[in-house]
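Here the structure is a predicted model, which is why all the values come from computation and not from measurement.
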Amino acid sequence: MFRWIMRILWRNNPPKKEQTPESPLLDEPWRELRWGDRQRDLQYVQEYKPAREDIRYLRVLLYGPVGAGKSSLITSVSNVLREQITIPALANAITSDKSFTKQYDTHKFAKGRGSSKTFYSVVFNDIMGLEDGSNNGVHPNDIKLALEGRLKEGHKFNPVSPVTKNDPGYNKSPSADDRVHVLVCVVSANTPQIKSSVLEKMKSVRETASELGIPQMAMMTHIDDARGEIEKDLKTVYKSKHLRKKIKDFSAAVGIPINCIFPVKNYSEEIDLNDDVDFLILSALKKMVIFGDDFIEKNC
Ligand SMILES: Nc1nc2c(ncn2[C@@H]2O[C@H](COP(=O)(O)OP(=O)(O)OP(=O)(O)O)[C@@H](O)[C@H]2O)c(=O)[nH]1
Ligand SMILES: [Mg+2]
């Protein structure tokens, strides 16, 4: 009798199958990386020289929302190229919606020491962050001037009034060396959504770069605190479903193709170098050099 009652109960109300939580990782990475090739990529970037005599430096310009990790990316590149933790390009230590970087600076990376000191042929220009609102953050017109090499070194950004032809910060006769050869958008994987006003500013910068034929890429930073497995193991970066979606959504929002978007973790707390951190930065850096060199060959 008891068994009979149990059977009826079972039939009408079968026990629920225990649900195994869906894995946050794909079985296979969606982009193949040869993690062992760090040294080869490093050598490529370290030995790079523009083929033209009048261009000493391949110039990379970073732009993007406040706090995305632009200054930290420059420090990270410095660490990777110089193979040691170096003095940082001052980064935003507190979470703020106001840009920490206020002036236009070129960052060169030293090679050797003392009297034999030279610089690597790739330089980075750091810029104030894009902010919400028409009177906040770097003005998109200033970024456009920077693309043409018309913004002078040390220029202090004024969000309310972008540089005009008569300002001391305006470079009237930019050389091929002053021009930007690759434009890199830096965004954080950790921010839920970029505000539409910031996206609009990014779009107008991108349009100008396209008109000038300047190649464009994007770095997605903060992948280590974007939640999930990457925090524990950077090698899972291209298996993370969450990050893949972030990259796809970002690509759709700004129109940068997925194959030009690179997830990276910046050096922020470390006191020693880490091979996996280096490798992700290097694979993006190598692409910047290839894209920039192509532009130099064809357009400068
Ligand atoms: N965990 C982690 N922290 C990061 C990463 N990149 C940057 N940070 C931290 O994020 C904060 C902001 O970084 P910044 O490099 O100052 O960002 P920014 O884009 O230059 O900011 P503004 O100049 O203010 O526009 C700093 O505290 C960095 O240490 C990253 O990839 N991972
Ligand atoms: Mg900064």
Side-chain angles (χ1 to χ4, degrees), residues 60-74 76 89-104 124-147 151 155-163 180 182-211 214 216-228 230 240-258 260-266 268 284:
V60 180
L61 175 67
L62 304 181
Y63 78 111
V66 172
K70 300 176 288 299
S71 303
S72 303
L73 182 64
I74 293 174
S76 303
L90 282 177
N92 207 338
I94 42 161
T95 316
S96 156
D97 58 355
K98 293 277 163 236
S99 185
F100 187 77
T101 304
K102 307 255 188 269
Q103 99 176 24
Y104 189 62
F124 276 68
N125 277 81
D126 198 7
I127 211 165
M128 188 180 205
L130 288 163
E131 292 172 28
D132 187 21
S134 53
N135 288 339
N136 298 322
V138 62
H139 198 289
N141 280 3
D142 280 352
I143 306 184
K144 293 174 188 176
L145 291 178
L147 289 174
L151 218 53
H155 167 70
K156 293 211 170 32
F157 294 104
N158 181 349
V160 185
S161 76
V163 173
V180 166
V182 196
L183 175 66
V184 177
C185 178
V186 181
V187 288
S188 165
N190 204 18
T191 21
Q193 232 176 2
I194 303 173
K195 291 199 172 115
S196 62
S197 64
V198 175
L199 277 176
E200 277 307 308
K201 290 179 185 182
M202 284 163 68
K203 200 169 151 229
S204 85
V205 171
R206 275 182 42 68
E207 277 167 6
T208 307
S210 300
E211 281 159 23
I214 297 172
Q216 303 177 37
M217 295 171 54
M219 301 291 115
M220 192 166 270
T221 60
H222 288 260
I223 56 169
D224 51 317
D225 52 17
R227 92 179 141 92
I230 303 174
S240 161
K241 291 179 185 171
H242 172 68
L243 191 64
R244 187 180 61 164
K245 181 168 184 321
K246 274 266 167 194
I247 291 179
K248 272 190 177 171
D249 290 351
F250 173 69
S251 168
V254 296
I256 298 180
I258 289 180
C260 293
I261 303 176
F262 292 81
V264 289
K265 182 217 161 330
N266 280 325
S268 51

Does a side-chain heavy-atom distance below 4.5 Å link [X] with [Y]?
X      : Y      : value
Met219 : Met217 : yes
His222 : Val187 : no
Leu62  : Leu73  : yes
Met220 : Phe250 : yes
Thr191 : Pro65  : no
Val184 : Leu61  : no
Ile214 : Val182 : no
Thr101 : Ile127 : no

To the nearest 0.5 Å, what is the distance between [atom1] ([X]) and [atom2] ([Y])?
X      : Y      : atom1 : atom2 : value
Ile74  : Asp126 : CD1   : CG    : 3.5 Å
Leu147 : Gln216 : CG    : CD    : 8.5 Å
Lys156 : Met128 : NZ    : CE    : 12.0 Å
Ile247 : Ile256 : CD1   : CD1   : 11.5 Å
Ser134 : Lys201 : OG    : NZ    : 7.0 Å

Worksheet item: Residues in salt bridge (charged side-chain N to carboxylate O under 4.0 Å, His left out) with Lys241, at least two apart?
Response: Glu22
Heavy-atom pair of closest approach, residues [X] and [Y]:
X      : Y      : result
Lys248 : Ile258 : CG-CD1, 3.7 Å
Leu151 : Tyr104 : O-CE2, 3.5 Å
Ile223 : Val264 : CG1-O, 3.4 Å
Asn266 : Thr221 : ND2-CG2, 3.5 Å
Gly137 : Pro159 : O-CB, 3.0 Å

Worksheet item: Take atom NZ in Lys102; do more than 12 heavy atoms of anything else shown fall under 6.0 Å from it?
Response: yes
Discussion item. Which residues pass the side chain to side chain contact (heavy atoms under 4.5 Å, CB included) test with Ser204, not counting sequence neighbours?
Written reply: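 Pro140, Lys144.
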Discussion item. Applying the side chain to side chain contact (heavy atoms under 4.5 Å, CB included) criterion to Cys185, which one of Lys70, Met202, Arg206 satisfies it?
Written reply: Met202
Worksheet item: Does the Asp225 side chain pair with the main chain of Asn190, one donor and one acceptor, at a distance under 3.5 Å?
Response: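 Checking the backbone N and O of Asn190 against the side chain of Asp225, no donor-acceptor pair under 3.5 Å is found.
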Discussion item. Test side-chain contact (heavy atoms from CB on, under 4.5 Å) on Tyr63 and Val138; report intermediate values, then the result.
Written reply: CA-CA 9 Å; Tyr63 78 111; Val138 62; over 6 Å; no
Fill in: For Asp132, side-chain hydrogen bond (donor to acceptor under 3.5 Å, both in side chains) partners two or more places apart
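With sequence neighbours excluded, Asp132 shows a side-chain hydrogen bond (donor to acceptor under 3.5 Å, both in side chains) to Ser197, given in chain and number order.
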